[in-house]
Amino acid sequence: MSRLVYVLNGPNLNLLGKRQPDIYGRETLADVERDCRALATELRLDIRFHQSNREYEIVDWIHEARETAGAVVINPAAFTHTSVAILDALNAFEGPVIEVHISNVHKREAFRHHSFVSLRADGVIAGFGTQGYGLALRRVARLLDDAKA
Ligand code: DHK
């Protein structure tokens, strides 16, 4: 299986480090991308790292991943709780999918407790701050290694 991993980020995550730092922390998305790239090298993964505020762009990247990638790590942000389109796109993707939330969504408002993406995700990480991305990449590397063995 391809060791290319799409790391996808949904709306408002471009403001990471600036918006509600008490909830999302002070690290920026550029910091997260840098850390993901460093870890990916260690894990022998290639990554494509994207963020968009537009649902269709995320759907299009998942379609792209379907053709080329072995796994998807996705923080759909607010689209987690609303997007059947992202769920349908992920259902058309065959490799491992790990869902990441920086905050512990279960400790927050009730509308954040439901995730459409969880109906497809092979694993869900929530409440580990931006460290969750690295944990997701480690899990993906293990799943890709196991699939090869
Ligand atoms: C990020 C968001 O923007 C929220 O809409 C989600 C998620 C939680 C996060 O914790 O990373 O509810």
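Source: prediction; values computed, not measured. Whatever order the structure lists ligands and atoms in, that order sets their numbers, starting from 1.
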Q: Tell me which protein heavy atom sits closest to atom 3 (O) of ligand 1, plus the residue, atom name and distance to 0.1 Å.
A: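 Answer for atom 3 (O) of ligand 1: Arg19 NH2, 2.7 Å.
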Q: Just to check, does Asn75 reach to within less than 4.0 Å of ligand 1 when the distance is taken from its heavy atoms?
A: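 Heavy atoms of Asn75 do come under 4.0 Å of ligand 1.
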Q: Among all protein heavy atoms in this structure, tell me which lies nearest to atom 4 (C) of ligand 1, with the distance rounded to 0.1 Å.
A: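 Answer for atom 4 (C) of ligand 1: Arg112 NH1, 3.3 Å.
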Q: Asn12 versus ligand 1: do any nitrogen or oxygen atoms come within less than 3.5 Å of each other?
A: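 In fact, backbone or side chain, Asn12 has no N or O that close.
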Q: Please check if the side chain of Asp122 supplies one atom and the backbone of Val97 the other of a donor-acceptor pair under 3.5 Å.
A: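 Side chain of Asp122 to backbone of Val97, a donor-acceptor pair under 3.5 Å: yes, one is there.
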Q: Is atom CZ of Phe93 surrounded by more than 12 heavy atoms (other residues, nucleotides or ligands) closer than 6.0 Å?
A: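 Buried by this count: over 12 neighbours within 6.0 Å.
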Q: Okay, side chain of Asn9, backbone of Asn14: is any donor-acceptor separation there less than 3.5 Å?
A: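 Flag not set: sc Asn9 to bb Asn14 has no pair under 3.5 Å.
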Q: Is the Trp61 ring parallel, tilted or perpendicular to the His50 ring (thresholds 30°, 60°)?
A: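 Ring orientation, 0 to 90° scale: parallel.
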Q: Note the single closest protein heavy atom to atom 2 (C) of ligand 1, along with its residue, its atom name and the distance in Å.
A: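 For atom 2 (C) of ligand 1, the nearest protein heavy atom comes out as Tyr24 OH, 3.4 Å.
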Q: Closest non-hydrogen protein atom to atom 8 (C) of ligand 1, residue and atom name please, with distance?
A: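 Residue, atom and distance for the closest contact: Val105 CG1, 3.7 Å.
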Q: With a 4.0 Å cut-off, would you call Asp145 and Arg142 a salt bridge?
A: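 Between Arg142 and Asp145 there is no salt bridge, as every charged N stays at least 4.0 Å from the carboxylate O atoms.
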Q: Test your reading of the structure: does Leu13 have an N or O sitting under 3.5 Å from an N or O of ligand 1?
A: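 No: no nitrogen or oxygen of Leu13 is under 3.5 Å from one in ligand 1.
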Q: Should you measure from each heavy atom of His81, which atoms of ligand 1 turn up under 4.0 Å away?
A: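 Counting atoms of ligand 1 from 1, those under 4.0 Å from His81 are 6 (C), 12 (O).
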Q: What residue and atom, counting heavy atoms only, is the protein's closest point to atom 11 (O) of ligand 1, and at what distance?
A: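 Nearest neighbour among protein heavy atoms for atom 11 (O) of ligand 1, to 0.1 Å: Ile102 N, 2.8 Å.
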Q: Would Asp60 and Arg54 pass as an ion pair if we require N to O under 4.0 Å?
A: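 Judged by the 4.0 Å cut-off on N to carboxylate O distance, Asp60 and Arg54 do not form a salt bridge.
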Q: Do the two ring centres, one from Phe111 and one from His113, sit under 6.0 Å apart?
A: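 No, the ring of Phe111 stays outside the 6.0 Å limit from the ring of His113, centre to centre.
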Q: What protein heavy atom is closest to atom 10 (O) of ligand 1, reported as residue, atom name and distance in Å?
A: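 Here the closest protein heavy atom is Ser103 OG, 2.6 Å.
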